[in-house]
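Since the structure comes first, as structure tokens, the remarks are kept for the end.
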2 protein chains.
Amino acid sequence: MRSGRLPQSVEWAIHVCLVLAQLAEDELLPAPRLAQLFDLPAAYLAKVMQDLAAAGVVRSVPGRRGGYRLHTAPQDVSVGRIVRATGLADALFVCTEIRQRGPCAADPDQCRTPCAVAALMRRAEAAYLDVLDRVSLADLTMPGGRASADGWLTTNVHLFKENP
Amino acid sequence: MRSGRLPQSVEWAIHVCLVLAQLAEDELLPAPRLAQLFDLPAAYLAKVMQDLAAAGVVRSVPGRRGGYRLHTAPQDVSVGRIVRATGLADALFVCTEIRQRGPCAADPDQCRTPCAVAALMRRAEAAYLDVLDRVSLADLTMPGGRASADGWLTTNVHLFKENP
DNA sequence: GTATCAGTACTCGGATAAATTATGTCCGAGTGGTAAAGG
DNA sequence: CCTTTACCACTCGGACATAATTTATCCGAGTACTGATAC
């Protein structure tokens, strides 16, 4: 009880995607390198990248010089999509039709439409994802956006790409 | 990975509060009875009720004829408050300042303000809770609101109160 | 008949286990560069 | 010198443990009703 928070991998996924957004069209960055950049457990980040790849957010290229890159342009990748891929499989609130349980169970025929509670929850969740869907990776990396820190992203990612 | 959903106790808490909203001013309903109404594990629901009591949403009355009732009028109890009490202790998204980790860690002085990711997430969460805060228990029990099912609530709760 | 009082049945509250989920780790399949060997 | 070829380093992908959180359960503290008892 009393946590109900998104998995931390969501944070990792977003920041990783922001880094990938800094890459040139034909550049790639392998998962171990991304983990090194943020000092994250490499093996687990690989699993997160898998989910992002499965969701079509990033494109994986296997092989010796393989790695990850965004599947589409940064302005076409919304944060909502990343959150859905890594932390919100189905929904925040799942209605278990509690009204159909117990001695006073409601008639199933009356339950064709979702109950008011479920409807409200869906509306709230829609508002949540709406905010996230309206913001793309490009929006976050805009100057003054403070994606990670002032100019930190653009500057350091390029430095990091070269130096091992 | 891939769940990130609210605890199911949130659903229980909301529906239980809706039942309590049907009670008269001086009426009480004990936790075991509430559990019986929805066919829920009584001992666990008791724990949920504890959280609701600690949050000031419901008022607990101990003793032989004790039980629970809403602490304030139904129109003054927002669904958001219930969700916060039972499923959202701190926040959906918690920023771990990933930008300050790794070889290219940002200067802590530059991190006085939250990063763009955290700021966006907070905005989305605010939108989420805003929807939930604008709806009270009274709104959900309004005729045509289909809180649980058409007229189910008002009708059956009173029947249930009498019959053991 | 009335007041007192002990007993009891029922309540909430917190401390304690089991199950599910998130986190972390590992090894196998596949790709492409690399360098050696042959023409 | 160029082509072929086998090898190896490095990649992603999925199967396997560990840690944390949710779910579930139990027993103790307290209150008010119940009935008996004394007056």
Side-chain angles (χ1 to χ4, degrees), chain A residues 1-13 16 20 27-36 38-55 57-69 71 83 85-90 92-94 96 98 164, chain B residues 1-13 16 20 26-36 38-55 57-69 71 85-90 92-94 96 98 164:
Chain A
M1 189 112 62
R2 243 149 191 288
S3 152
R5 67 178 187 275
L6 266 56
Q8 197 167 20
S9 40
V10 171
E11 185 184 12
W12 303 357
V16 161
L20 293 179
E27 274 181 317
L28 292 172
L29 226 50
R33 201 132 177 76
L34 288 166
Q36 182 187 1
F38 289 120
D39 189 25
L40 298 176
Y44 186 36
L45 182 64
K47 199 163 174 46
V48 176
M49 297 310 294
Q50 247 176 270
D51 287 351
L52 285 173
V57 175
V58 300
R59 183 75 175 166
S60 72
V61 176
R64 179 87 169 71
R65 290 242 163 165
Y68 289 100
R69 46 160 270 196
H71 187 62
V83 171
T86 57
L88 278 181
D90 33 18
L92 268 169
F93 179 88
V94 287
T96 55
I98 199 177
Chain B
M1 188 111 60
R2 242 148 192 292
S3 153
R5 68 179 187 274
L6 265 56
Q8 196 166 20
S9 40
V10 171
E11 185 184 12
W12 303 357
V16 161
L20 293 180
D26 55 350
E27 274 180 316
L28 292 173
L29 226 50
R33 200 131 178 78
L34 288 166
Q36 181 186 3
F38 289 119
D39 189 26
L40 297 175
Y44 185 37
L45 181 65
K47 197 161 178 43
V48 176
M49 297 310 293
Q50 247 177 272
D51 288 349
L52 284 172
V57 175
V58 301
R59 184 77 176 165
S60 71
V61 175
R64 178 88 170 73
R65 290 240 162 166
Y68 289 99
R69 47 160 270 197
H71 187 61
T86 57
L88 278 181
D90 33 18
L92 268 167
F93 178 87
V94 286
T96 56
I98 198 178

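Residue numbers begin at 1 in each chain, while the letters A, B, ... track the order of the sequences. Note that the coordinates shown come from a computational prediction; the quantities given were computed from them, not determined experimentally.
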| said: Tell me the closest heavy-atom pair linking B:Ala46 and B:Ala31, and the distance in Å. | reply: CA-CB, 4.4 Å

| Heavy atoms under 4.0 Å, any strand shown: does A:Arg5 hit a base, just sugar-phosphate, or nothing? | sugar-phosphate

| task | Please name the pair of heavy atoms, one in B:Pro7 and one in B:Gly87, separated by the smallest distance, quoted to 0.1 Å. | result | CG-CA, 4.0 Å

| message | A:Arg5 and side chain to side chain contact (heavy atoms under 4.5 Å, CB included): which single residue from B:Leu88, B:Val94, B:Leu92, B:Leu6 fits? | response | B:Val94

| message | Return the CE to OG distance between A:Met49 and A:Ser9, rounded to the nearest 0.5 Å. | response | 12.0 Å

| said: I need the B:Leu45 CG to B:Arg33 CZ distance, nearest 0.5 Å. | reply: 13.5 Å

| said: Going by side-chain contact (heavy atoms from CB on, under 4.5 Å), name the residues that satisfy it together with A:Pro41, two or more places apart in sequence or in a different chain. | reply: A:Trp12, A:Tyr44

| B:Tyr68 to B:Gln50 - nearest heavy-atom pair and separation | OH-N, 4.2 Å

| remark: Taken to the nearest whole Å, CZ/B:Arg59 to C1'/C:dC12 is 13 Å

Pairs: protein N or O with nucleotides 13-16 of chain C N or O, under 3.5 Å:
from   : atom 1 : to      : atom 2 : distance (Å)
C:dG13 : OP1    : B:Ser60 : OG     : 2.7
C:dG13 : OP2    : B:Tyr68 : OH     : 3.0
C:dG14 : OP2    : B:Gln50 : NE2    : 2.6
C:dG14 : N7     : B:Gln50 : OE1    : 2.8

| message | If you compare every side-chain N and O of A:Ser9 against the phosphate oxygens of C:dA22 (OP1, OP2), does one of them come in below 4.0 Å? | response | no

| Whole-Å distance separating the CG atom of B:Leu34 from the P atom of C:dT11 | 11 Å

| query | Nearest-Å distance, CG (A:Leu45) to P (C:dT25)? | reply | 12 Å

Report each atom pair, protein N/O against N/O of nucleotides 29-36 of chain C, whose distance is under 3.5 angstrom.
from   : atom 1 : to      : atom 2 : distance (Å)
C:dT31 : O2     : A:Arg64 : N      : 3.1

| query | Taking CG from B:Asp51 and P from D:dT21, how many angstroms apart are they, rounded to a whole number? | reply | 15 Å

| said: Could you work out, with side-chain contact (heavy atoms from CB on, under 4.5 Å) as the rule, every residue matching B:Leu28, not counting sequence neighbours? | reply: B:Val61, B:Arg69

| request: Grab the CZ-P distance between A:Arg69 and D:dT11 for me, whole Å please. | output: 18 Å

| query | Starting at CG of B:Leu40 and ending at P of D:dA24, how long is that distance when rounded to a whole Å? | reply | 9 Å

| task | Work out how much the helix from C:dG1-D:dC39 to C:dG39-D:dC1 bends between its end axes, five pairs an end, to the nearest 10 degrees. | result | 10°

| query | Does the side chain of B:Ile98 reach to within under 4.5 Å of the side chain of A:Leu40, using non-hydrogen atoms? | reply | yes

| said: What is the distance, to the nearest angstrom, from the OH atom on B:Tyr44 to the C1' atom on C:dA19? | reply: 12 Å

| query | Taking CG from A:Leu88 and C1' from C:dA22, how many angstroms apart are they, rounded to a whole number? | reply | 14 Å

| said: Do A:Leu29 and A:Val16 make a side-chain contact, defined as non-hydrogen atoms from C-beta onward lying under 4.5 Å apart? | reply: no

| query | Considering residues at least two apart in sequence or located in another chain, which fulfil the side chain to side chain donor-acceptor pair (under 3.5 Å) criterion with A:Gln8? | reply | B:Thr96

